[in-house]
Participant: 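Below is one structure. I have some questions about it.
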Amino acid sequence: MDKLLIKGGRRLEGEVRISGAKNSALPILAATLLSSERVTICNLPHLHDITTMIELLGCMGVQVLIDEKLNIEVNSETMTVFTAPYELVKTMRASILVLGPMLSKYGEATVSFPGGCAIGSRPVDLHLKGLEALGASITVEQGYIKAKSPGRLTGGHVFFDTVTVGGTENIMMAAVLAQGRTIIENAAREPEIVDLALFLNAMGAKVTGMGTDTLVIDGVESLHGCRYSVMPDRIETGTYLVAAAATGGRVVVKDTRPGMLDAVLAKLEEAGANISCGQDWIALDMPGRPKAVSIKTAPYPGFPTDMQAQFIALNTIAEGTGTVIETVFENRLIQVHEMNRMGAEIRVEGNTAIVTGTVQLKGAPVMATDLRASASLVILGLVAAGETLVERIYHIDRGYECIEEKLQLLGAHIKRIAA
Ligand code: EPZ
């Protein structure tokens, strides 16, 4: 398994370009199953999860043509298999997102039950309850979810007890071809939900209310083809901004959208960063040592859970003590133990990490446990004295396109060691 070797102590300076958003590209690729015509998707990030989703579509008989820029053309009319197999679903939980569109378009869908992962049990009960509210009959047999609907799904009223990004996406995709109106209450408001809704409407769907907690979808008979470009990745954006702040650097992040990151930018300014924004860029300058900040994760527009690990990393070398409360996932503080091996001073009490800033961390061999935790270990490696070897970086390759090249362009001493 590949590793990243980082020699700490360099300030990050320069420009970095942001890729398409993984967490928008995945539901959008699943939603291509809904179209009766060819669909072209642009600005896809070159990530392992994206190739896994493309492989999943292919194994169900969907025709996928990929050009050299990883723009892809999808024709799902060639679909012959209505099953998402365990072998693929076990490597990427987001495979569950093909359930809603497949059921809605073809009246049947069999998807391996996604397991939990390092950050939590991550059930899909709300997805299934929502599909049943649209008239689906669902059973779980030998580890597979089997969903059927006699004819078209029927529009219904779905209320999510917990805000769920994937659940909102699955029900929205199922509802666009249902008979009648669907109302989703306590819906997720993430920018990725808005991007998916805009993509569905570009194919002729009728989704309104995106970005609010109430979505209204009026079902249509069929969807036509379109060409759509995926939004920029707000978490990749935030990760590079935090990395620059941690090293006392000065960077400009380009091809992004500042409006998707208000909570993150506010916390970076509280930490002492000078930030300016344009339409598609954010400039950050961190003069000196950051100040510790306290955060509490919450569904959008609250502070994103996907930026929690990165801010713990920032706090480990900040002035003062910051508390980080994780409210979305039950086990998303596990990376602190690896951070403490580098000299960080982090105490965990339940879902709260109390981080006391230290002046100097020491490089060490560390192991990643999930996507964002692995990015936070890279940030620590950038600021620690000496060398840090981050292992199990397949987690990183799932969510960060060409991370070592992008960091090298910003002046970091980082290289990949193929194992
Ligand atoms: C999406 O995961 C993202 N993944 C996650 O990003 C992100 O952390 C998460 O949303 C929250 O913003 C993708 O978009 C591919 P949820 P998702 O359903 O949809 C509970 C990353 O690093 N829940 O909003 O799986 C669940 O256990 C990844 O890029 C139920 O109880 O998250 C969790 O506690 C990590 N029942 C909470 O809701 C359900 O049926 C939020 O989960 C569904 C969810």
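First listed ligand is number 1; within each ligand, the first listed atom is number 1. When reading the values below, keep in mind they use all heavy atoms of this one structure, side chains included, and skip hydrogens, waters and symmetry mates.
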Participant: What protein heavy atom sits nearest atom 32 (O) of ligand 1, and how far away is it?
Facilitator: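 Residue, atom and distance for the closest contact: F329 CZ, 4.0 Å.
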Participant: At under 4.0 Å between heavy atoms, is it the side chain or the backbone of T305 that contacts ligand 1, or both, or neither?
Facilitator: side chain
Participant: Look at atom 30 (C) of ligand 1 and find which of A188, P123, P299 reaches it with the closest heavy atom.
Facilitator: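 When every heavy atom of A188, P123, P299 is considered, P123 comes closest to atom 30 (C) of ligand 1.
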Participant: Within the 4.5 Å heavy-atom criterion, are Q408 and I414 side-chain neighbours or not?
Facilitator: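 With C-beta onward as the side chain, the pair touches.
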Participant: Taking 4.0 angstrom as the limit, do R416 and E404 come out as a salt bridge?
Facilitator: yes
Participant: Suppose I only count heavy atoms of V124 and a 4.0 Å limit; which atoms of ligand 1 are within that range?
Facilitator: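 Taking each heavy atom of V124 in turn, ligand 1 has 39 (C), 40 (O) under 4.0 Å.
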Participant: For atom 19 (O) of ligand 1, find the nearest protein heavy atom and state the residue, atom name and distance (0.1 Å precision).
Facilitator: G166 N, 2.8 Å
Participant: Less than 4.0 Å is my threshold; does some heavy atom of E330 fall inside it relative to ligand 1?
Facilitator: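 No, E330 has no heavy atoms under 4.0 Å from ligand 1.
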Participant: Among all protein heavy atoms in this structure, tell me which lies nearest to atom 22 (O) of ligand 1, with the distance rounded to 0.1 Å.
Facilitator: R372 NE, 2.9 Å
Participant: Of all the atoms in ligand 1, which lie at a distance below 4.0 Å from a heavy atom belonging to R122?
Facilitator: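 Heavy-atom distances to R122 below 4.0 Å select 2 (O), 17 (P), 25 (O), 27 (O).
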Participant: State whether R332 and D306 are salt-bridged, where the test is any N-O pair (Lys NZ or Arg NE/NH1/NH2 against Asp/Glu carboxylate O) under 4.0 Å.
Facilitator: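 A salt bridge links R332 with D306.
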Participant: Using 0.5 Å steps for rounding, measure from the CZ atom of R181 to the NZ atom of K206.
Facilitator: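 Taking CZ in R181 and NZ in K206, the distance rounds to 10.5 Å.
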Participant: For ligand 1, is K129 a contact, meaning one of its heavy atoms is under 4.0 Å away?
Facilitator: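 K129 does not count as a contact of ligand 1 under the 4.0 Å cut-off.
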Participant: To the nearest 0.1 Å, how far is atom 20 (C) of ligand 1 from its closest protein heavy atom, and which atom is that?
Facilitator: T162 CG2, 4.4 Å
Participant: Nearest 0.5 Å please: distance from the CG atom of L26 over to the CE atom of M53.
Facilitator: 5.0 Å
Participant: Is H127 touching ligand 1 with its side chain, its backbone, both, or neither, if touching means heavy atoms under 4.0 Å apart?
Facilitator: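 For H127, the contact with ligand 1 is made by both the backbone and the side chain.
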Participant: For ligand 1, which atoms have a heavy atom of R93 less than 4.0 angstrom away?
Facilitator: 25 (O)
Participant: Counting only heavy atoms, which portion of V328 has something under 4.0 Å from ligand 1: side chain, backbone, both, or neither?
Facilitator: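 Within the 4.0 Å criterion, V328 contacts ligand 1 through backbone and side-chain atoms alike.
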Participant: Under a 4.0 angstrom heavy-atom cut-off, which atoms of ligand 1 come close to L371?
Facilitator: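 Selected atoms, number and element: 21 (C), 22 (O), 29 (O).
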Participant: In plain terms, say whether E15 and R17 are close enough for a salt bridge, that is, a side-chain N and a carboxylate O under 4.0 Å apart.
Facilitator: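 Salt bridge flag = no for R17 with E15.
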Participant: Measure across P232 and D255 and return the closest heavy-atom pair with its distance rounded to 0.1 Å.
Facilitator: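 What the structure gives for the nearest pair is CB-O, 3.3 Å.
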Participant: Any salt bridge linking E192 with R234? Criterion: basic side-chain nitrogen under 4.0 Å from a carboxylate oxygen.
Facilitator: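 Between R234 and E192 there is a salt bridge, with a charged N closer than 4.0 Å to a carboxylate O.
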Participant: To the nearest 0.5 Å, how far apart are CG in L99 and CD1 in I96?
Facilitator: 5.0 Å
Participant: In the protein, which heavy atom is nearest to atom 40 (O) of ligand 1, and how far is it?
Facilitator: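 It is L126 N, 2.7 Å.
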Participant: Of the backbone atoms (N, CA, C, O) and the side-chain heavy atoms from C-beta on, which set of T164 has a member under 4.0 Å from an atom of ligand 1: side chain, backbone, both, or neither?
Facilitator: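 Both of them.
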Participant: Is the shortest distance from a Lys or Arg side-chain nitrogen in K406 or E236 to a carboxylate oxygen in the other one below 4.0 Å?
Facilitator: yes
Participant: May I ask you to decide whether D161 forms a salt bridge with K129, counting only side-chain N to carboxylate O separations under 4.0 Å?
Facilitator: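 Looking at K129 together with D161, the answer is yes, because their closest N to O distance falls below 4.0 Å.
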Participant: Testing T352, N351, T305 for side chain to side chain donor-acceptor pair (under 3.5 Å) with E326, which one passes?
Facilitator: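 Of the listed residues T352, N351, T305, the side chain to side chain donor-acceptor pair (under 3.5 Å) partner of E326 is T305.
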Participant: Taking heavy atoms and a distance under 4.0 Å, where does K22 meet ligand 1: side chain, backbone, both or neither?
Facilitator: side chain
Participant: Could you establish whether R332 and ligand 1 come within less than 4.0 Å of each other, counting only heavy atoms on the residue side?
Facilitator: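 Yes; R332 lies near enough to ligand 1 that a heavy-atom distance drops under 4.0 Å.
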Participant: For atom 6 (O) of ligand 1, what's the nearest protein heavy-atom neighbour? Residue, atom name and distance, please.
Facilitator: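 Checked against all protein heavy atoms, atom 6 (O) of ligand 1 sits closest to D306 OD2, 3.1 Å.
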Participant: Atom 24 (O) of ligand 1: which protein heavy atom is closest, and how many Å away?
Facilitator: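 Here the nearest protein heavy atom works out to V165 N, 2.7 Å.
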Participant: Looking at ligand 1, is there an atom of it that comes within less than 4.0 Å of some heavy atom belonging to G120?
Facilitator: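 Heavy atoms of G120 never come under 4.0 Å of ligand 1.
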Participant: In terms of ring plane angle, is the pair F311 and F303 parallel, tilted or perpendicular, where the classes change at 30° and 60°?
Facilitator: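 Geometry flag for F303 against F311: perpendicular rings.
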Participant: Among all protein heavy atoms, pick out the one at the shortest distance from atom 15 (C) of ligand 1; state its residue, atom name and that distance to 0.1 Å.
Facilitator: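 Here the nearest protein heavy atom works out to N23 OD1, 3.4 Å.
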